[in-house]
Amino acid sequence: MAHPTAQQTFFDSNPEYATLVYAAQDARAALGMALSGELDALLAHEGGIAYERYGRPSDEEMLASYLSSLQRVWAYEEEHREEALRCRALFGSETCVEA
């Protein structure tokens, strides 16, 4: 358990909500990499069995993953409105999921 005077992190404050937000942020970053060509360059350099076997997900699949992540965040925020507002007030930009 954290020291009582230690500053609480977003994840410590609400692991469920933080996990949803971080997944959406990661999906947004991956989509940006895919659209910019950065993902293709990275995969060509690093490769990997899954990439060699299946290729990379299409831009449409990356977009669908991001939108799905956003929907999960929005559903949580709708169901737990007060908690989401509390987290946004405490952690600000760390809770941002939209570009």
Side-chain angles (χ1 to χ4, degrees):
M1 177 136 192
H3 188 276
T5 60
Q7 184 174 354
Q8 192 174 35
T9 67
F10 178 34
F11 186 82
D12 292 336
S13 174
N14 188 323
E16 179 183 8
Y17 184 40
T19 299
L20 294 171
V21 168
Y22 294 155
Q25 291 171 343
D26 289 348
R28 180 183 64 213
L31 176 62
M33 288 177 65
L35 295 175
S36 71
E38 187 179 345
L39 181 60
D40 293 317
L42 180 67
L43 290 173
H45 181 262
E46 293 184 8
I49 294 172
Y51 175 66
E52 291 170 9
R53 186 174 295 158
Y54 307 112
R56 83 159 177 84
S58 69
D59 291 349
E60 293 81 10
E61 290 171 309
M62 302 291 277
L63 177 60
S65 175
Y66 175 51
L67 293 175
S68 177
S69 293
L70 281 178
Q71 287 175 326
R72 287 190 293 275
V73 169
W74 293 335
Y76 180 90
E77 290 174 344
E78 188 173 305
E79 188 173 328
H80 306 281
R81 183 162 284 137
E82 294 299 319
E83 178 61 13
L85 290 172
R86 183 189 72 79
C87 286
R88 275 194 231 120
L90 286 173
F91 304 105
S93 64
E94 192 174 350
T95 65
C96 183
V97 293
E98 299 160 359

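- The OH atom of Tyr76 lies 12.5 Å from the CZ atom of Arg81; values are rounded to the nearest 0.5 Å.
- Tracing side-chain contacts under 4.5 Å through hydrophobic residues (I, L, V, M, F, W, Y), one reaches Leu42 starting from Leu35; they form part of the same cluster.
- Residue pairs satisfying the salt bridge (Lys or Arg N to Asp or Glu O under 4.0 Å) criterion with at least one member in residues 29-43, sequence neighbours excluded, are listed as follows: Asp40-Arg56.
- With Gln25 contributing its side chain and Glu94 its backbone, the two residues share a donor-acceptor pair below 3.5 Å.
- Following chains of ILVMFWY side-chain contacts shorter than 4.5 Å, one can reach Leu39 starting from Leu67, so the two form part of one hydrophobic cluster.
- Looking at Arg28, its side chain never comes within 3.5 Å of a backbone N or O of Tyr66 through a donor-acceptor pair.
- Under 3.5 Å, the side chains of Ser13 and Arg86 contain a donor-acceptor pair of N or O atoms.
- Atom OH in Tyr17 sits 11.0 Å away from atom OH in Tyr22 (nearest 0.5 Å).
- Asn14 places none of its side-chain heavy atoms less than 4.5 Å from the side chain of Phe91.
- Checked against side-chain hydrogen bond (donor to acceptor under 3.5 Å, both in side chains), Glu60 has the following partners two or more places apart in sequence or in another chain: Ser58.
- Closest non-hydrogen pair, Ala24 versus Val73, comes out as CB-CG2, 4.1 Å.
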I would like to know whether Phe10 and Arg88 meet side chain to side chain contact (heavy atoms under 4.5 Å, CB included); could you show each step before the answer? CA-CA 9 Å; Phe10 178 34; Arg88 275 194 231 120; over 6 Å; no
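- Atom CG of Asp59 and atom CD of Glu61 lie 9.5 Å apart (nearest 0.5 Å).
- Rounding to the nearest 0.5 Å gives a distance of 12.5 Å between CG of Leu20 and OG1 of Thr95.
- Distance alone, capped at 3.5 Å, places no donor-acceptor pair between the Ser68 side chain and the Ala64 backbone.
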